[in-house]
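Data block below; observations after.
A quick note: this is a predicted structure, and the numbers were derived from the prediction, not measured. Heads up: numbering here begins at 1 and tracks the sequence.
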Amino acid sequence: MTPKLFSELGLSPEILKGIDKLGFEQAAPIQAAAIPVLMSGKDVVGQSQTGSGKTAAFALPILQRLIPGVRGKLRALVVAPTRELAEQIHEAFRGLGAHTGLRSMTIYGGVGVGAQLAGLRSGVEIVVACPGRLLDHMGQGAVNLSAVEVLVLDEADRMFDMGFLPDIRKIVKRLPAQRQNLLFSA
């Protein structure tokens with residue numbers, strides 16, 4: 001496959017500004033392969049080595065999809081097995097989407113819930129969450145998943161190995177039937 005420049009992938013000028021600010025020009029193989037398919041709205045299962053650019057491969061099409069829509073509603077949900085990974089994904093969304101006006105936040109255990117509840121009340125478009133704390137917020141009615149358009153299970157194989165499959169099933173049951181589904185793993 002011929003390397004592609006990000007400017008050749010049909011991304012908005014706002015997203016290209018974020019990419020440029022981070023110093024990227026050329027898409028990694030996983031990005032060049034996944035981005036056009038994801039932007040067409042298809043479900044995707046992606047596998048690539050750690051550090052190969054998987055996060056941007058799903059984050060960029062999600063940002064592109066969310067730019068023209070309603071703000072202040074949770075429209076993209078990324079589920080990750082650890083809070084460290086959740087923070088890395090969130091930082092990627094913040095950097096890549098810096099000029100889009102889209103907002104993201106993390107939800108995970110081991111920290112107080114106050115800031116998470118405040119973030120949810122303020123209205124964000126993207127949530128990156130670990131399953132346990134997300135289920136806690138769902139049980140308390142603090143998270144509304146009715147407008148989710150895209151679900152990402154990142155490190156899906158690892159989540160299943162860690163025993164999160166029952167939690168994932170509970171989360172998926174609360175999502176709209178019409179959505180784009182993305183599974184990524186190393």
Side-chain angles (χ1 to χ4, degrees), residues 1-108 119-120 122-130 147-159 179-186:
M1 172 181 267
T2 305
K4 290 202 175 227
L5 299 175
F6 283 108
S7 59
E8 299 172 325
L9 293 174
L11 297 165
S12 74
E14 297 90 350
I15 293 172
L16 290 174
K17 280 183 197 173
I19 293 168
D20 187 52
K21 187 175 181 183
L22 295 174
F24 300 122
E25 287 182 23
Q26 196 167 312
I30 185 72
Q31 296 161 349
I35 289 171
V37 177
L38 291 172
M39 286 179 42
S40 75
K42 293 184 176 141
D43 293 347
V44 168
V45 175
Q47 185 176 16
S48 188
Q49 292 179 320
T50 300
S52 63
K54 285 188 304 289
T55 302
F58 65 75
L60 291 166
I62 289 172
L63 291 166
Q64 182 71 33
R65 178 182 183 136
L66 300 185
I67 286 173
V70 175
R71 300 297 171 106
K73 286 188 176 210
L74 173 54
R75 297 172 50 212
L77 174 63
V78 181
V79 183
T82 66
R83 63 181 171 190
E84 294 81 13
L85 181 57
E87 280 296 335
Q88 288 174 6
I89 296 166
H90 168 65
E91 288 305 316
F93 272 108
R94 283 184 53 186
L96 295 167
H99 301 280
T100 65
L102 295 166
R103 293 168 293 160
S104 68
M105 67 172 288
T106 54
I107 294 177
Y108 50 76
L120 290 166
S122 74
V124 295
E125 294 79 31
I126 303 159
V127 166
V128 185
C130 293
V148 171
E149 301 170 28
V150 183
L151 168 66
V152 180
L153 299 181
D154 195 20
E155 300 288 339
D157 54 338
R158 189 167 162 208
M159 275 196 289
R179 65 178 184 274
Q180 187 176 24
N181 299 292
L182 318 177
L183 258 69
F184 279 83
S185 67

Note to self: Run the salt bridge (Lys or Arg N to Asp or Glu O under 4.0 Å) test on Arg179 and Glu149 for me, step by step, so that the C-alpha distance in whole Å, both residues' side-chain angles and the decisive distance to 0.1 Å come before the verdict.
What the structure shows: CA-CA 5 Å; Arg179 65 178 184 274; Glu149 301 170 28; over 6 Å; no
Checklist line | CD-OG distance between Glu155 and Ser185, expressed to the nearest 0.5 angstrom | finding: 7.0 Å
Check: Would you find a donor on one side and an acceptor on the other, under 3.5 Å apart, between the side chain of Arg75 and the backbone of Ile126?
Finding: no
Notebook entry, point to check: For Leu183 and Ala156, which heavy atoms make the closest approach, and how far apart are they?
Noted result: CG-CB, 4.0 Å
Check: How about Glu84: does its CD atom have over 12 heavy atoms from other parts shown lying under 6.0 Å from it?
Finding: yes
Checklist line | Non-hydrogen side-chain atoms of Gln64 and Ser12 separated by less than 4.5 Å | finding: yes
Note to self: Is any side-chain heavy atom of Val45 closer than 4.5 Å to one of Gln47?
What the structure shows: no
Check: So do Phe58 and Ile89 actually touch side chain to side chain, heavy atoms under 4.5 Å?
Finding: yes
Check: When rounded to the nearest 0.5 angstrom, what distance separates NZ in Lys21 from CG in Leu16?
Finding: 15.0 Å
Notebook entry, point to check: Yes or no on side chain to side chain contact (heavy atoms under 4.5 Å, CB included) for Val150 and Arg65, after CA distance, side-chain angles and deciding distance?
Noted result: CA-CA 9 Å; Val150 183; Arg65 178 182 183 136; 3.6 Å; yes
Note to self: Are the side chains of Lys4 and Leu9 in contact, using a 4.5 Å heavy-atom criterion?
What the structure shows: yes
Item checked: Ile15 and Leu96, any side-chain heavy atoms less than 4.5 Å apart -> no
Checklist line | Working for side chain to side chain contact (heavy atoms under 4.5 Å, CB included), residues Arg71 and Leu102 | finding: CA-CA 7 Å; Arg71 300 297 171 106; Leu102 295 166; 3.5 Å; yes
Item checked: Modelled atom types, side-chain donor and acceptor of Glu87 and Thr106, under 3.5 Å -> yes
Margin query: Tell me the closest heavy-atom pair linking Gly119 and Val124, and the distance in Å.
Written below: O-CG1, 3.7 Å
Notebook entry, point to check: Within the distance-only criterion (no hydrogens, no angle test), does the side chain of Glu14 pair as donor or acceptor with the backbone N or O of Gly97 below 3.5 angstrom?
Noted result: no
Margin query: I need the minimum non-hydrogen distance between Ala76 and Ile62, along with the two atoms involved.
Written below: CB-CG2, 3.7 Å
Item checked: Least distance between heavy atoms, Ala28 atom then Ser52 atom -> CB-O, 3.3 Å
Checklist line | Sub-4.5 Å side-chain heavy-atom contact between Leu153 and Met159 | finding: yes
Notebook entry, point to check: Is any side-chain heavy atom of Phe93 closer than 4.5 Å to a side-chain heavy atom of Leu63?
Noted result: yes
Next item on the list: Determine the minimum heavy-atom distance between Gly95 and Leu22, stating which atoms define it.
Entry: C-CD1, 3.9 Å
Check: Going by an N to O cut-off under 4.0 Å, is there a salt bridge joining Arg94 and Glu91?
Finding: yes
Checklist line | Arg103/Glu125 salt bridge by N-O under 4.0 Å criterion | finding: yes
Notebook entry, point to check: Does Gln26 use its side chain to pair, donor to acceptor, with the backbone of Leu5 at less than 3.5 Å?
Noted result: no
Checklist line | Worked verdict on Val79 versus Asp154 for side chain to side chain contact (heavy atoms under 4.5 Å, CB included) | finding: CA-CA 6 Å; Val79 183; Asp154 195 20; over 6 Å; no
Note to self: Less than 4.5 Å apart, side chain to side chain, heavy atoms only: is that true for Asp20 and Phe6?
What the structure shows: no
Check: Which heavy atom in Ala56 sits nearest to a heavy atom in Gln31, and how many Å separate them?
Finding: CB-NE2, 3.3 Å
Notebook entry, point to check: Can you tell which of Asn181, Thr55, Val78 makes a side chain to side chain contact (heavy atoms under 4.5 Å, CB included) with Val152?
Noted result: Val78
